[in-house]
Amino acid sequence: FPVTILPKDSTPIPLSNKKILVFNHRWNNTTGIKRLIEYTEGLDRDEYLVWVTDKDAKSPKAGAPAPSRMKVQNLQSGAEYKYLLEHAHATLTFVDGYATWNLSVQDGLTVGTPSVVYRHPVMPEVIGENYPLYFKTKDEFKSILGRIPKKSKIEWELPDHDGTFKKNLITAIVTGK
């Protein structure tokens, strides 16, 4: 249930005692599902639970179905989604193909949950150039996961997209470009 503006309150849902890694993107090849499957395959299943929020992950229609080791659960409301994000160990972003302004990468960060992010060229525009949890390789991914303490929170200021949009719009109106 990806939303870019989270509700004020959250609604509790049952959660695992494992470190929950939330993949809160659409289940298709452009969001990096192949890399997600590959990079999370060797994770200790007693320690980590990969939670996929797109119900279509059960279907092969968007590339491949999610492996049975992943929990696929579409949430009923933004308030449940917010609760999941607030209690997750981290969110995961593997966008590696076509990418637009994939703002669901920001959702966890807005509630202080670390987001482990594949360094796609568009991501610095979305979450900032110097974000500390970017990775490029499977080893870097595993290293970052290993460094995130349990119940860790991150404070990260996201780029001012609204301000940038406003400035660009005014410039385009004034200059005609």
Side-chain angles (χ1 to χ4, degrees), residues 1-25 27 31-54 57 66-75 77-96 102-120 122-161:
F1 191 86
V3 292
T4 55
I5 299 175
L6 298 173
K8 179 182 175 195
D9 298 315
S10 58
T11 299
I13 58 172
L15 297 176
S16 168
N17 290 328
K18 297 177 185 181
K19 294 177 182 174
I20 298 172
L21 305 173
V22 178
F23 184 76
N24 57 332
H25 304 276
W27 188 262
T31 58
I33 61 170
K34 290 178 184 175
R35 186 172 275 126
L36 167 73
I37 292 167
E38 176 191 345
Y39 282 27
T40 60
E41 184 174 28
L43 293 179
D44 182 343
R45 293 183 191 161
D46 291 330
E47 182 177 5
Y48 293 102
L49 172 66
V50 178
W51 186 312
V52 178
T53 61
D54 185 349
S68 60
R69 62 185 160 78
M70 295 181 178
K71 178 178 182 76
V72 177
Q73 183 175 342
N74 189 14
L75 303 168
S77 69
E80 288 182 352
Y81 175 60
K82 182 177 183 184
Y83 185 85
L84 174 64
L85 293 176
E86 290 171 334
H87 293 86
H89 184 65
T91 63
L92 304 177
T93 298
F94 286 88
V95 172
D96 66 352
N102 191 312
L103 297 181
S104 55
V105 68
Q106 296 179 345
D107 290 352
L109 294 171
T110 64
V111 296
T113 299
S115 187
V116 182
V117 180
Y118 181 74
R119 189 168 181 91
H120 182 279
V122 78
M123 288 302 150
E125 297 292 327
V126 177
I127 59 173
E129 180 64 42
N130 298 315
Y131 182 69
L133 301 178
Y134 283 126
F135 68 92
K136 273 300 244 182
T137 67
K138 187 174 184 177
D139 287 340
E140 289 174 358
F141 171 75
K142 287 183 175 183
S143 175
I144 288 170
L145 279 184
R147 291 192 319 259
I148 298 173
K150 192 166 184 166
K151 298 189 180 186
S152 177
K153 290 295 176 186
I154 187 170
E155 288 186 30
W156 184 254
E157 188 172 333
L158 294 166
D160 178 17
H161 297 292

Quiz prompt | Criterion side-chain contact (heavy atoms from CB on, under 4.5 Å) on Val50 and Tyr39, from CA distance to verdict | solution = CA-CA 11 Å; Val50 178; Tyr39 282 27; over 6 Å; no
Check side-chain contact (heavy atoms from CB on, under 4.5 Å) between [X] and all other residues, then give those that pass, not counting sequence neighbours.
X: Glu155; answer: none
X: Ser143; answer: Arg147
X: Arg45; answer: Arg69

Sub-4.5 Å side-chain heavy-atom contact between [X] and [Y]:
X: His89; Y: Leu21; result: yes
X: Leu145; Y: Leu43; result: yes
X: Thr91; Y: Val105; result: no

Quiz item: Of Asn24, Thr11, Ile13, which meets side-chain contact (heavy atoms from CB on, under 4.5 Å) against Tyr81?
Solution: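 Considering Asn24, Thr11, Ile13, a side-chain contact (heavy atoms from CB on, under 4.5 Å) with Tyr81 is found only for Asn24.
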Testing the basics here: between [X] and [Y], what is the closest heavy-atom pair and its distance to 0.1 Å?
X: Ala57; Y: Val52; result: CB-CG1, 3.7 Å
X: Pro124; Y: Pro159; result: O-CG, 4.5 Å
X: Pro114; Y: Leu133; result: CB-CD1, 3.6 Å
X: Val126; Y: Gln106; result: O-NE2, 2.8 Å
X: Thr113; Y: Lys153; result: OG1-NZ, 3.5 Å

Distance check, rounded to the nearest 0.5 Å: [X] atom [atom1] versus [Y] atom [atom2]?
X: Tyr48; Y: Leu92; atom1: OH; atom2: CG; value: 10.0 Å
X: His87; Y: Trp51; atom1: NE2; atom2: CH2; value: 11.5 Å
X: Phe94; Y: Phe141; atom1: CZ; atom2: CZ; value: 4.0 Å
X: Thr110; Y: Leu6; atom1: OG1; atom2: CG; value: 4.0 Å
X: Phe23; Y: Thr93; atom1: CZ; atom2: OG1; value: 7.5 Å
X: Ile154; Y: Ile148; atom1: CD1; atom2: CD1; value: 8.0 Å

Quiz item: Applying salt bridge (Lys or Arg N to Asp or Glu O under 4.0 Å), which residue pairs with at least one partner in residues 10-24 are found, sequence neighbours left out?
Solution: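 Passing the test, one end in residues 10-24: Lys19-Glu47.
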Exercise. Keeping to residues at least two apart or across chains, list the salt bridge (Lys or Arg N to Asp or Glu O under 4.0 Å) pairs with something in residues 128-142.
Key: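 Non-adjacent pairs meeting salt bridge (Lys or Arg N to Asp or Glu O under 4.0 Å): Arg119-Glu129.
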Practice problem: Test Thr53 against Leu84 for side-chain contact (heavy atoms from CB on, under 4.5 Å), laying out the working first. | Solution: CA-CA 10 Å; Thr53 61; Leu84 174 64; 4.0 Å; yes
Exercise. Could you tell me whether a side-chain N or O of Trp156 sits under 3.5 Å from a main-chain N or O of Ile127, the two making a donor and an acceptor?
Key: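 Answer holds: yes.
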Practice problem: Measure from the side-chain N and O atoms of Lys82 to the backbone N and O of Pro7, and report whether any donor-acceptor pair falls under 3.5 Å. | Solution: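 Such a contact is found between Lys82 side chain and Pro7 backbone.
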Exercise. Return yes when atom NZ of Lys8 has more than 12 non-hydrogen atoms of other residues, nucleotides or ligands closer than 6.0 Å, and no otherwise.
Key: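 Incorrect, the count does not exceed 12.
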Self-check item: Non-neighbouring partners of Lys71 that pass side chain to side chain donor-acceptor pair (under 3.5 Å), sequence neighbours left out
Solution: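 Checked Lys71 against side chain to side chain donor-acceptor pair (under 3.5 Å); matches are Gln73.
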Quiz item: Parallel, tilted or perpendicular for Phe135 and Tyr118, by the 30°/60° rule?
Solution: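 Rings of Phe135 and Tyr118: perpendicular, as their planes differ by over 60°.
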